[in-house]
Structure formats: C-alpha cells, structure tokens
Amino acid sequence: MTSLPLGQPACATVDLSAIRDNVAAVQQRARGAALMAIIKADAYGHGLVPVARAALAAGASHLGIAQVSEALTLRSAGIDAPLFAWIFAPGDDLAPAVQAGIDLSAGSPWSLAAIVDAARRVGVTARVHLKRDTGLGRGGAWGQDWRDLVTAAASAQAEGAIWVVGLFSHLACADEPEHPANATQLAAFREADTDLRRAGLNVEIRHLANSAGTLLDPRTHFDLVRPGIALYGLSPAPHLGDPARFGLREAMRLTARLTSVKTAPAGQGVSYGHRYTTTSDTRLGLVPLGYSDGMPRQASGTGPVQIGGTRHTVAGTLCMDQFVVDLGAESSARPGDEVVIWGRSADGEPTAQDWAQAAGTINYEIVTRLGARVPRTWIGE
C-alpha cells in the first residue's frame, strides 16, 4: 500500500488487486455457485465504480446494489453486467431502471405493482427477483402477502410485463453456523421455491448466502452467493476467524498526517471534558480526522493508531475534525509524519476490526461510514 500523498491531511488508499484476490478466494469457497459482488453504499466506502470493475474482472457474474440510484450510476459509467437493486420507495420512478435492464426486487404486493406499472409504461419486460422473508423479519413477504405476491407475479409474467428471474432472501444468523434459525430459514426458502414452481415460475437464480453464509455454510449457496464485506478483506465472523483464515486481505488503508506535535506537562487534561489526563511529561500529536469524517466518537480513549511503527491510542474525546494522541516523552514524531488509522493485519497495522472493537460496533460500519471528505486513491488497477 502506498503512503499518504503530500498535501493531503488524510486519505483512504484502496487496493483493487486485493479486492480481485478476495473475489477469487470467495469464489473458490462458493463451490460452483455464481457470485454476485455486493457493492452497495459506495462499495462499502471503497468506491462504487472502481470496485465494480475490479469485481467483474475477477470473475463476479453479477453486481448487487441496494439503491436503484447506485445501479443507474453504474449503467451511466458504462457497466453492462447484470445488476440487481432491492431498495426503492413508493412513488419512485422505476422506468429508468427497467429501461436500463436492472433487475429489481419485489418483496411486497405494492413493490411488484410498481415494477409492473413501470414495465407497461416503457414497453420493456422487467426482470424481477421475488423476496421471501424466511425469518429475518425485515424485507420480503410471508404469509398471505407471499401468496398474493406469487399469484400477482405469475399473472404479470403471463402478460409479459415481467420475467421472474430470481428468488432470494436474507439470513439472520449466518455468522453463527450452528444457530437453529439457519435451518429454519433454509426450510422456508426451499418451500418458497416450491411455491414458485407450483405457480409456473421456474426461476433461474436462487440466492440466499451473504459473506458469512458463503464462507461458513455451503447449504446456503444454491445458484448464486452474495458476498459483501468479505470482498473488502474483512471477516464477516471475527469471532470465528480473522481475514487470513478465510484467505482474505484488507483492501483499504486509512492514513493521515500529524498536524501538530507539542510538549505537555504531567496532569494536563486533553480534549473536551478532560476525559484523559497526562500522567507524566509527554508529547501530544494531533490527527486531522474526526466524527465528521466518519470516525466513531465511541472510540474516544480506545481507538488505535500507528505512528513510526509504534501503537498509540486516541487520548480523550474524539472531536468533529480531529483527535489527540499521547505520543510519550521520548517520541521523535513531527508534524507531517504519517499516522496509520487502519490498514492490514498482516503488516501489523491497526485494522478496521480493531476500530470496531474499540467502538463497540462491527467492521462493516467502520469502513462504510468513512466520510466523503476523505479522498480515496485507488491502486492495483
């Protein structure tokens, strides 16, 4: 990974070769199932279009994007691979997505009706994946809504307004392979597939597995897997294994430059609320990243950084635009020195997982919340 460019207070460097290698590693564990690379939320903060191209180059057959607007961005960038988007609201105009050949999710009678209306208006058969809520209790249909959805989908397909190409659902406990909810959801998913076949809807793609399901539970693979976080080199189940265990490596390295280094006496309170007080004469370094950049304020006093090969911890309260590090009296650090916020575990650097533990959250949140003010640089194209 390259160093922080001069003239920038902070930068996130994304290694696209790592993403390609991660796609290949996950594909190997998919055991013949096709792979839909999940690149929602600006590719988990790594950059939508560069990551999309890297994933496709590595063998992904489909791209999954939560918001329809993100899928349209990919089409406008010239990406013609199969795209699947599953979130839109009542009143959204789906006509551009249908015209662009973007697969859409129907997890309720109203969402199917919206897709059918758009297809009729533009005269294009819409590609639809029906979503069955198999137990997550979030999106998708169950009970009478599911039965109504299947009936309506069969009618719309007979009309030629839609083509039901997929059946999908989301797992609730995939990072706990022995959890009984997994077996319950698998049974419900298979039952939903039977429901579609009885209605004359023989789908091409059945997909259920996220990163954890892909890596830990082959029962969930079906025709296609939908890994997300694993493609960025982060473990979907840190309690069961680090990235290396799954053949992954972190793709993002976040660095900054010290903007101030000064001496401070023993007993000096540091940052808002003086929640940290120096215990001896020392030197304090200032890092120009804060919660407005997506750094978790909950990591005040606990977030790890590395400066000159030495680990340090956020001293006191993490602020909107910056935080302080107690460098120690013997530190030779100077303004302009590079600070590694997170990087690769194999290189001995702090990681996004370390920050997740420090903030009491998950690694997904750490990388996806990184703000737009932090520039991204892509290497390994």
Side-chain angles (χ1 to χ4, degrees), residues 1-16 18-19 37-55 63-79 83 85-89 92 228-229 231-234 250-259 286-300 303 305 314 317-323 338-344 349-356 358-359 361-381:
M1 301 289 271
T2 60
S3 296
L4 175 66
L6 290 172
Q8 292 184 356
C11 180
T13 303
V14 177
D15 185 353
L16 297 176
I19 288 175
I38 301 301
I39 55 172
K40 60 183 179 177
D42 194 32
Y44 289 51
H46 291 65
L48 181 65
V49 174
V51 170
R53 291 175 174 150
L63 299 174
I65 315 96
Q67 302 280 352
V68 171
S69 60
E70 292 178 298
L72 291 171
T73 297
L74 289 173
R75 282 287 188 257
S76 67
I79 293 175
L83 303 180
W86 59 89
I87 294 180
F88 54 88
D92 287 355
I229 196 69
L231 305 186
Y232 308 99
L234 300 176
E250 296 93 336
M252 180 187 287
R253 186 171 188 259
L254 178 63
T255 54
R257 292 194 184 279
L258 289 173
T259 57
L286 193 59
V287 181
L289 283 169
Y291 58 77
S292 64
D293 302 296
M295 303 301 297
R297 191 172 184 271
Q298 296 92 328
S300 296
V305 300
V314 175
T317 303
L318 188 146
C319 309
M320 182 180 290
D321 306 292
Q322 52 198 332
F323 63 85
E338 186 175 84
V339 182
V340 179
I341 313 300
W342 62 70
R344 289 183 177 154
E349 297 174 334
T351 65
Q353 177 59 33
D354 293 333
W355 274 85
T361 186
I362 57 176
N363 52 33
Y364 299 67
E365 183 178 359
I366 296 301
V367 290
T368 58
R369 70 185 293 169
L370 188 63
R373 187 168 70 175
V374 179
R376 272 67 162 171
T377 297
W378 294 275
I379 63 172
E381 293 187 76

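- The closest side-chain donor-acceptor pair between Ser292 and Arg373 falls under 3.5 angstrom.
- Without hydrogens or angle criteria, Glu70 side chain to Ala41 main chain gives a donor-acceptor distance under 3.5 Å.
- Taking CG of Leu370 as the start and CE of Met252 as the end, the distance is 5.5 Å to the nearest 0.5 Å.
- Put simply, the side chain of Arg369 reaches to within 4.5 Å of the side chain of Pro296, judged on heavy atoms.
- The CG atom of Leu63 sits 11.5 Å away from the CZ atom of Arg53 when rounded to the nearest 0.5 Å.
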Check your understanding: Would Leu231 and Ile39 count as a side chain to side chain contact (heavy atoms under 4.5 Å, CB included) if you check the C-alpha gap in whole Å, the side-chain angles of each, and the deciding distance to 0.1 Å?
Key -> CA-CA 9 Å; Leu231 305 186; Ile39 55 172; 5.6 Å; no
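- Using cut-offs of 30° and 60° on the angle between ring planes, the pair Tyr44 and Tyr232 is parallel.
- Arg376 contributes a side-chain N or O that, together with a main-chain N or O of Gly45, makes up a donor-acceptor pair within less than 3.5 Å.
- Evaluation of the side chain to side chain contact (heavy atoms under 4.5 Å, CB included) rule for Leu286 yields Thr259, Ser260, Gln322, Val324 as partners, not counting sequence neighbours.
- By the 4.5 Å heavy-atom criterion applied to side chains, Arg344 and Thr351 are not counted as neighbours.
- One finds the CD1 atom of Ile366 at 7.5 Å from the CE atom of Met295 (value rounded to the nearest 0.5 Å).
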Exercise for review: Take Val339 and Thr255, measure what side chain to side chain contact (heavy atoms under 4.5 Å, CB included) needs, and give me the verdict at the end.
Suggested key: CA-CA 5 Å; Val339 182; Thr255 54; over 6 Å; no
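- Contact of the Trp378 side chain with the Ile19 side chain is not registered, since no non-hydrogen atoms from C-beta on lie closer than 4.5 Å.
- Here the straight-line distance linking atom OG1 of Thr13 with atom CG of Leu254 works out to 8.5 Å at 0.5 Å rounding.
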Practice item. Applying salt bridge (Lys or Arg N to Asp or Glu O under 4.0 Å), run through Arg253 and Glu349 and close with a yes or a no. Key: CA-CA 9 Å; Arg253 186 171 188 259; Glu349 297 174 334; 2.9 Å; yes
Check your understanding: Run the side chain to side chain contact (heavy atoms under 4.5 Å, CB included) check on Leu48 and Leu74 step by step: do they pass?
Key -> CA-CA 8 Å; Leu48 181 65; Leu74 289 173; 3.7 Å; yes
Review point. How far apart are the C-alpha atoms of Val68 and Ile87, what are their side-chain angles, what is the distance that settles it, and do they pass the side chain to side chain contact (heavy atoms under 4.5 Å, CB included) test?
Key: CA-CA 7 Å; Val68 171; Ile87 294 180; over 6 Å; no
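- With values rounded to the nearest 0.5 angstrom, Ile341 atom CD1 is found 12.5 Å from Asp354 atom CG.
- Counting heavy atoms from C-beta outward, Gln8 and Pro375 have side chains that approach closer than 4.5 Å.
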